[in-house]
There are 2 protein chains.
Amino acid sequence: MKRLLERIDREILAAGGKRSRSRAVVIEGFFRARDHVTIEELTRSVRESAPGIGAVTVYRTLKLLERLGYAKELDFGEGARRYESNLSPHHDHLVCRQCGTVIEFKDRGIENLQDLVTRRHGFHPTAHRLEIYGFCRKCAPGNSPERFG
Amino acid sequence: MKRLLERIDREILAAGGKRSRSRAVVIEGFFRARDHVTIEELTRSVRESAPGIGAVTVYRTLKLLERLGYAKELDFGEGARRYESNLSPHHDHLVCRQCGTVIEFKDRGIENLQDLVTRRHGFHPTAHRLEIYGFCRKCAPGNSPERFG
DNA sequence: GATATGATGAAAATGAATTTCATCATCAGA
DNA sequence: TCTGATGATGAAATTCATTTTCATCATATC
């Protein structure tokens, strides 16, 4: 973690930025937080140790991390965006509509077929998003007495 | 088209709604419009024939069509939602980041693999979204002198 | 035709995200 | 180490899509 923060620090410096205490706290908080956080969640958690930090700084810092390639914006259609660390390799998401759990998955076969599809249309892909919405194992119809029983 | 509008009309009545001129204009406008319209685009086009129609009515009418199963909300991350008719069977989208063109595609292989993935995680899917972003044939790197030359 | 109630549109409200701006902090050079 | 330039901050204001409110209008129903 220390290594990572120092590396990001160096990249910010190299890009003409300056160090700042608030930003450091937000960045560390982001990598320590559970994945797929909203700005609001992250702001709340970061303020536990550094109460003065404004939500605007959290917005700005995550935009910065995204620009540097360390964070990824997600949108599960909830109104507010979520962010995940971009350190682990690319993956897609299963999103439970009941409890909000997000399961990450990776499927080489799907990716290959996507490549075929784009090639067939002469399309040059730069990114994709695949989300499957439904009910996770725990919330599945039949396993949720209070909802279906 | 006439048939379709009458059928929707009947469904609205059956659900306890009433007929309305404005709404009829919006619904017809929606099915005549090019696919993947924004509220703003549809409002503008609808106002050419019925200037008094408020954007709020367009919002409400598309929500209604969605509830009835005739329209689908899309979000290509542009800030404003888009809507497409839900009459044609399910498909996914290639979205050009340069010119905004949207190509629809359908790939049974991808869908099958998605089913496998969800089953592997004990997940019960109810919907999914797959969008591939990049450059369409016309805007592809190498074909766009003003951008890459 | 009278009446209950759904639909409308303008304006206000909401809420996430961004911008503005005065102030503070940090880096670079003397 | 001091100092000036400029990046970063946080509060408040702004933006923008969408939703809600509300007085009024329109349409089914009796």
Side-chain angles (χ1 to χ4, degrees), chain A residues 5-6 8-30 36-44 46-68 71-83, chain B residues 5-6 8-30 36-44 46-68 71-83:
Chain A
L5 300 182
E6 285 168 3
I8 294 176
D9 229 45
R10 279 198 304 277
E11 285 185 31
I12 291 175
L13 279 220
K18 291 176 180 172
R19 251 178 278 267
S20 112
R21 183 81 200 111
S22 300
R23 189 160 57 192
V25 172
V26 174
I27 294 178
E28 177 158 3
F30 172 65
H36 320 118
V37 285
T38 61
I39 295 286
E40 196 267 332
E41 289 167 352
L42 184 54
T43 303
R44 204 150 14 89
V46 146
R47 275 180 175 163
E48 286 175 15
S49 50
I53 290 184
V56 188
T57 296
V58 182
Y59 273 103
R60 278 190 284 229
T61 301
L62 287 191
K63 281 284 179 210
L64 173 64
L65 286 179
E66 205 211 0
R67 244 178 293 130
L68 296 177
K72 246 179 128 172
E73 268 186 27
L74 304 175
D75 177 2
F76 296 152
E78 305 163 297
R81 291 177 201 145
R82 291 183 176 274
Y83 288 85
Chain B
L5 300 182
E6 284 167 3
I8 295 176
D9 230 45
R10 278 198 304 277
E11 286 186 31
I12 291 174
L13 279 220
K18 291 176 181 172
R19 253 177 278 265
S20 113
R21 182 82 202 110
S22 301
R23 189 159 57 193
V25 171
V26 174
I27 294 178
E28 177 157 4
F30 171 65
H36 320 120
V37 285
T38 61
I39 295 286
E40 196 268 332
E41 289 168 354
L42 183 55
T43 303
R44 207 152 7 91
V46 147
R47 275 180 176 162
E48 286 174 15
S49 51
I53 289 183
V56 187
T57 296
V58 182
Y59 273 101
R60 279 191 281 231
T61 302
L62 287 190
K63 282 285 179 206
L64 174 64
L65 286 179
E66 205 212 0
R67 243 178 295 130
L68 295 177
K72 246 179 128 169
E73 270 186 26
L74 304 175
D75 177 1
F76 296 152
E78 305 163 297
R81 291 179 199 143
R82 293 183 176 274
Y83 288 85

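Naming convention: chains lettered A, B, ... in sequence-line order (proteins, then strands); numbering from 1 in each chain. These numbers come from a predicted model, not from an experiment.
Annotation for B:L62 and B:A71: closest pair O-CB, 4.5 Å, computed over non-hydrogen atoms. B:T57 and B:S22 get closest at one heavy-atom pair: CG2-CB, 4.2 Å.
Distance, B:D75 CG to D:dC16 P: 18 Å, rounded to whole Å. Here D:dG7 presents its P atom at 17 Å from CG of A:D9, a figure rounded to the nearest Å. Here the C1' atom of nucleotide D:dT18 and the CG atom of B:L42 are 15 Å apart, to the nearest Å. When the P atom of C:dT8 is taken as reference, atom CZ of B:R47 falls 14 Å away, rounded to whole Å. Atom CD1 in A:I53 sits about 15 Å away from atom P in D:dA8, given to the nearest Å.
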For each nucleotide in nucleotides 11-19 of chain C, reading 5' to 3', give B when a protein heavy atom comes within less than 4.0 Å of its base, S when such contact involves only the sugar-phosphate, and - otherwise.
B----SBBB

Which nucleotides of nucleotides 25-30 of chain C have their base under 4.0 Å from a protein heavy atom (B), which only their sugar-phosphate (S), and which neither (-), written as one string 5' to 3'?
-BS---

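Two residues are said to be in side-chain contact when any heavy atoms from C-beta on lie closer than 4.5 Å; A:R23 and A:I12 meet this criterion.
In this structure, the side-chain hydrogen bond (donor to acceptor under 3.5 Å, both in side chains) partners of B:D9, at least two apart in sequence or on a different chain, are B:R19.
For B:S22, a side-chain nitrogen or oxygen approaches OP1 or OP2 of C:dG9 to under 4.0 Å.
A:I39 CD1 to A:R82 CZ: the interatomic distance, rounded to the nearest 0.5 Å, is 11.0 Å. Note: B:D75 CG to A:F76 CZ = 12.5 Å, rounded to the nearest 0.5 Å.
Salt-bridge formation is detected for the pair B:E40/B:R44: a Lys NZ or Arg NE/NH1/NH2 atom is positioned less than 4.0 Å from an Asp or Glu carboxylate oxygen.
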Trace of the side chain to side chain contact (heavy atoms under 4.5 Å, CB included) decision for A:Y59 with A:T43
CA-CA 9 Å; A:Y59 273 103; A:T43 303; over 6 Å; no

